[in-house]
Number of protein chains: 4
Amino acid sequence: MSNNQLKAIVERIEALEDDKAIIAEGIKDIYTEAKSNGFDPKILKQIVALRKKDAAKVAEEKVLLATYMDALGMLADTPLGQAAIERVSRS
Amino acid sequence: MSNNQLKAIVERIEALEDDKAIIAEGIKDIYTEAKSNGFDPKILKQIVALRKKDAAKVAEEKVLLATYMDALGMLADTPLGQAAIERVSRS
Amino acid sequence: MSNNQLKAIVERIEALEDDKAIIAEGIKDIYTEAKSNGFDPKILKQIVALRKKDAAKVAEEKVLLATYMDALGMLADTPLGQAAIERVSRS
Amino acid sequence: MSNNQLKAIVERIEALEDDKAIIAEGIKDIYTEAKSNGFDPKILKQIVALRKKDAAKVAEEKVLLATYMDALGMLADTPLGQAAIERVSRS
DNA sequence: CACTGGAAAATGCCGC
DNA sequence: GCGGCATTTTCCAGTG
């Protein structure tokens, strides 16, 4: 009967979501531990995000950002401009 | 700074994030399977969300009650305060 | 690409964000002032949040009801379904 | 009496929050409009964020990120990365 | 001055 | 493929 089936579905989902939450907790713990060892969690997150991101897409976004910034006269040879380009790879 | 330490941190995070992604995939699969059995995924999601919300609500009910007790100290016996009291008794 | 167009877009966004920041400042000021008059900002915030939540709840009550009606189509007449019906009448 | 005072406070806050929400809406509209004119909203957001961000902080974060990446061997083989590092050390 | 909680922004998923 | 929505993630002010 559909009743038991529904119950089973909901419970399976909830079990997996619990697992997911536990893992997320674990990730958080690692960041906390890393922080207590002197690593900046924010930067660590940027590293992880960068490694995950597709390289081609990173390059493409860099070009686009550079184009926009150039249009605004922001790019030139300024450290700020360079930082902006780098920033794309982090986003 | 220890390069190896940094490497270990990043890799541990990435491993856990992989696990998390796999579980998320599993959840998605359940919804898909449920759909093929005639259960509307959208409604299922709402049911799951509702149950989670309710669980959280029960857990924090005592906190909420305490807050209201405090608030009533500010409110004196005003209509707003009365409404608050009623709300607590309903939740 | 039109440099002027881009410049205009960015400037319009920044102008609005300034406005938004000013308003946020004003809100903060009210909390500060209230605090100096003996109102606990934390509780005030909770009251405001609660009222907003309630407003949203009223607005979506019909949606929620519809969801439950749909869910009952999946559920047939099961205990879970019955509980759902009761929940709707309580909320 | 404190009742009216509380009511006034809450209502002033809510009024300002409404204003804030309206402005936020306006910002979103601009992004939408810009997108329909061929501007990538994501990049636009990066531009706006960059302009807002304190320049010194940008530089500082950039150095830290470069350091971490270097430790992971991620940076060495990218000319852009090299240029970025050199640029920072000059600035 | 680090921590927690809540607001804001960003991402990803779902439907058309 | 795009827009809207929900979830997740990020940020920031308040607190001890």
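- Residue Lys45(D) places at least one side-chain N or O closer than 4.0 Å to OP1 or OP2 of dA10(E).
- Comparing Lys42(C) and Pro41(B) along DNA chain E, the residue whose closest nucleotide (by nearest heavy atom) sits nearer the 5' end is Lys42(C).
- To the nearest angstrom, P of dG14(F) lies 10 Å from CD of Glu25(C).
- Between the P atom of dT11(E) and the CG atom of Asp40(D) lies a distance of 11 Å, rounded to the nearest Å.
- We find the CD1-CG distance between Ile47(B) and Leu50(B) to be 8.5 Å, quoted to the nearest 0.5 Å.
- Here the nucleotide nearest the side chain of Ala49(C), chosen from dA7(E), dT7(F), dA13(F), is dA7(E).
- Atom P of nucleotide dC12(F) and atom CD of Glu17(C) are separated by 12 Å, given to the nearest angstrom.
- Rounded to whole Å, atom C1' of dC12(F) lies 15 Å from atom CD1 of Ile27(C).
- The separation between Lys35(D) atom NZ and dA10(E) atom C1' is 13 Å, rounded to whole Å.
- Summary of the strand contacts: Thr32(A) and Ala24(D) both lie near DNA chain E, and taking for each the nucleotide with the nearest heavy atom, the more 5' one is attributed to Thr32(A).
- Rounded to whole Å, atom C1' of dG15(E) lies 16 Å from atom OH of Tyr31(B).
- Taking atom CD1 on Ile23(C) and atom P on dA7(E), their separation rounds to 17 Å, with Å as the unit.
- Not one side-chain nitrogen or oxygen of Lys28(A) sits closer than 4.0 Å to the OP1 or OP2 atom of dT4(E).
- Tyr68(A) places a side-chain N or O within donor-acceptor distance of the main-chain N or O of Asp40(D), the cut-off being under 3.5 Å.
- Atom-to-atom, NZ of Lys52(D) to C1' of dT10(F) comes out at 13 Å; the value is rounded to the nearest Å.
- Using a 4.0 Å cut-off between a side-chain N of Lys or Arg and a carboxylate O of Asp or Glu, Glu61(D) and Lys53(D) qualify as a salt bridge.
- Taking side-chain N and O atoms only, Lys20(C) has a distance below 4.0 Å to OP1 or OP2 of dA9(E).
- The two residues Lys7(C) and Leu72(A) make their nearest non-hydrogen contact at CA-CD2, 3.6 Å.
- The two residues Ala34(B) and Leu44(B) have their closest heavy-atom pair at CB-CD1, 3.5 Å.
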